[in-house]
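This structure is a prediction, so every number in the text was calculated from the model and none was measured. We name chains A, B, ... by the order of the sequence lines, and we start the count at 1 in each one.
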Number of protein chains: 2
Amino acid sequence: MAKETKNTLRDSVYSSLKAMIVTGQIPPGSRVTENDIAVKLNVSRTPVREAFNRLERDGLVTGRPRQGYVVTEFDINMFREAFEIRELLDGHATELAAATATEQDKARLRAMLAECERLAAIPDRTTREKFQELEVGIDLHRVIAEISGNVMLHGMLCGILDKCQHYVWTELLWLDEWKIARDEHAEIVDAICAGDASRAGTLARAHVRGSRDNVLRLLQAKSDYQNFLAKAS
Amino acid sequence: MAKETKNTLRDSVYSSLKAMIVTGQIPPGSRVTENDIAVKLNVSRTPVREAFNRLERDGLVTGRPRQGYVVTEFDINMFREAFEIRELLDGHATELAAATATEQDKARLRAMLAECERLAAIPDRTTREKFQELEVGIDLHRVIAEISGNVMLHGMLCGILDKCQHYVWTELLWLDEWKIARDEHAEIVDAICAGDASRAGTLARAHVRGSRDNVLRLLQAKSDYQNFLAKAS
DNA sequence: ACACTCAAAATTGTATACAAAATAGCATGC
DNA sequence: GCATGCTATTTTGTATACAATTTTGAGTGT
């Protein structure tokens, strides 16, 4: 049956499908039919269709009339676009969060930071644990957006972060060199806790740019590696 | 049948419903049942359901399981949130547009400006013509976002602009004092045509702030008027 | 061997039937 | 007369049946 059982089948199917897509279980570019999913999750096509509709709205799948759905393949351009927007939104959200965070909010952020540290310190990490660290790192930004108090901003940032997460997980997680900018996260949380909105915003924007450059560097490395393999064969 | 006939019924229903909601034909806060719409548009419930799903994702209706859908009532807070984000996104999009606009793009913007002028100059305007002027004014921002070249940014801005349009049309259009900031639009287009990204961005951000203040002022006037009526009765 | 045509299979789009849940109204009891 | 509980209606959630369209493949003709 479904992975997570919520109130309605539609929501449950949506969650399952989204998880399968974001984590790369269903690889980008692969064609997915309603029937496959319906059979796999043991439900009828109706809730599956509605889940697909929402996923299409999220930009995680693209579907053309009577031709089925394809898991979105993000190219480097979409990635650049997403990070360009993230710099604006994340920066602003972090400023707002620094200005309005309560003690409870601050404790929550520090706890996430600690969890990140804990996961990073595990000696021989499984892939699952590496996933988790990445996920907490991204969740930190979601929580900051939530603390900002701007509900719309929070929603939009969550949508973008989903896509970034999808991209990183499906394209780059095979690289062991991946590193989370733990220091930068810590600095941002510090600035928020100190209530220094201006500094928090500046740090957040720099962090987004840094993450972007880091990913672009890894993509280059990946491309080089693939070229090397192609030449060698 | 449906208002606009596109490829699929779902799309057609979506367009019709969205138009009815954004223009206030279906007033905010009113409950809408799938069956009503299905009967009204002479289609089955299935495409109506899918249209509602998309509208819910757009934030134009909110639906809870087995309780039907309600046209979203925007309060002043949502309005502030939307304009806060618009200032960021619109500003950035305008900067990008100024940096990359082709001659064709510039001609398109100038044509929209001219259309705005034409509609504004009509002596005794019908409500429909007032609608149109407002719509072209908002469309100008959509086109600028499109010209920016950042597809994701364009999509997000369109979503926000839909909501702003909805809010203004349903809450404020009854006021005759409404004025479009034609001069500001012209200045922005000028800056884009001159390729002055920095100035275009600054103007755009100021324009969003100005529009926000203008709407807030009108809201205050509306509130005062309603209080006056309440006291008088 | 290649290309073209037609048909069959697969897949989505739409409609309808049925089930479950929530709301509203009515009746009954206090 | 009011409150409470039950039933009936309304409405969404899900499943399935049917229609339309696209794709694929086989078969035939050149």
Side-chain angles (χ1 to χ4, degrees), chain A residues 1-21 25-73, chain B residues 1-21 25-73:
Chain A
M1 192 68 83
K3 215 171 163 185
E4 305 173 24
T5 306
K6 285 174 77 175
N7 277 342
T8 67
L9 273 183
R10 168 185 50 194
D11 292 331
S12 149
V13 171
Y14 172 73
S15 300
S16 302
L17 256 179
K18 185 169 170 181
M20 286 194 278
I21 290 171
Q25 266 183 272
I26 307 176
S30 61
R31 206 171 120 84
V32 188
T33 72
E34 295 176 358
N35 224 339
D36 290 348
I37 303 298
V39 170
K40 188 179 287 187
L41 297 180
N42 206 32
V43 298
S44 86
R45 271 179 52 219
T46 310
V48 175
R49 278 183 70 77
E50 302 190 3
F52 267 119
N53 268 310
R54 290 171 63 171
L55 287 169
E56 188 174 16
R57 210 91 192 127
D58 290 342
L60 291 177
V61 303
T62 60
R64 281 179 310 192
R66 291 176 205 280
Q67 284 180 239
Y69 294 90
V70 175
V71 178
T72 304
E73 286 186 281
Chain B
M1 192 70 81
K3 213 171 164 187
E4 306 173 22
T5 305
K6 287 177 76 176
N7 278 340
T8 67
L9 272 184
R10 168 185 48 194
D11 292 331
S12 148
V13 171
Y14 172 72
S15 300
S16 302
L17 256 179
K18 186 170 171 181
M20 286 194 277
I21 290 172
Q25 266 183 272
I26 307 176
S30 61
R31 207 172 122 84
V32 187
T33 71
E34 295 176 358
N35 224 340
D36 289 348
I37 304 298
V39 170
K40 186 178 288 186
L41 296 180
N42 207 31
V43 296
S44 85
R45 271 179 51 218
T46 310
V48 175
R49 278 182 70 76
E50 303 190 3
F52 267 120
N53 268 310
R54 290 171 65 171
L55 287 169
E56 185 174 18
R57 210 88 191 132
D58 290 343
L60 291 176
V61 304
T62 60
R64 282 180 309 190
R66 292 177 202 282
Q67 284 182 238
Y69 294 90
V70 175
V71 179
T72 305
E73 287 186 280

Any residue meeting side chain to side chain contact (heavy atoms under 4.5 Å, CB included) with B:V39, in chain and number order, not counting sequence neighbours | B:N35
Give the rounded distance in Å between these two atoms: [atom1] of [X] and [atom2] of [N].
X	N	atom1	atom2	value
A:N53	D:dT14	CG	P	14 Å
B:R64	C:dA22	CZ	P	11 Å
B:R10	D:dT21	CZ	P	15 Å
B:I37	D:dT12	CD1	C1'	15 Å
B:N35	C:dA15	CG	P	13 Å
B:E34	C:dT16	CD	P	15 Å
B:Y14	C:dT14	OH	C1'	20 Å
A:L9	C:dA19	CG	P	16 Å

Just wondering, do B:I37 and B:L17 contact through their side chains at under 4.5 Å, heavy atoms?
-> yes
Are the side chains of A:V61 and A:V32 in touch, meaning some heavy atoms are under 4.5 Å apart?
-> no
Residues two or more places apart in sequence or in another chain: which of them pass salt bridge (charged side-chain N to carboxylate O under 4.0 Å, His left out) with A:R49?
-> A:E34, B:E50
So which nucleotide from D:dG13, D:dT11, C:dG13 ends up closest to the side chain of A:T8?
-> D:dG13
Candidates B:R10, B:R54, B:R57 - the one meeting side-chain hydrogen bond (donor to acceptor under 3.5 Å, both in side chains) with A:N53 | B:R10
Gap between atom [atom2] of [Y] and atom [atom1] of [X] - 0.5 Å precision:
X	Y	atom1	atom2	result
A:L41	A:D36	CG	CG	10.5 Å
B:T72	B:I21	OG1	CD1	7.5 Å
B:K18	B:D11	NZ	CG	11.0 Å

What heavy-atom pair brings A:V13 and A:A51 nearest, and what distance separates the two atoms?
-> CG1-CB, 3.6 Å
Please name the pair of heavy atoms, one in A:S30 and one in A:P27, separated by the smallest distance, quoted to 0.1 Å.
-> OG-O, 2.6 Å
Please write out each protein N/O paired with an N/O of nucleotides 22-25 of chain D under 3.5 Å, distance rounded to 0.1 Å.
none

Interface with DNA chain C, restricted to residues 44-51 of chain B and to heavy atoms under 4.0 Å = B:S44, B:R45, B:T46, B:P47
Could you tell me which residues satisfy ring pair (Phe, Tyr, Trp, His ring centres under 6.0 Å) with B:Y69, sequence neighbours excluded, listed by chain and number?
-> B:F52
Angle by which the axis turns from one end of the helix from C:dA1-D:dT30 to C:dC30-D:dG1 to the other, five pairs per end, to 10 degrees = 10°
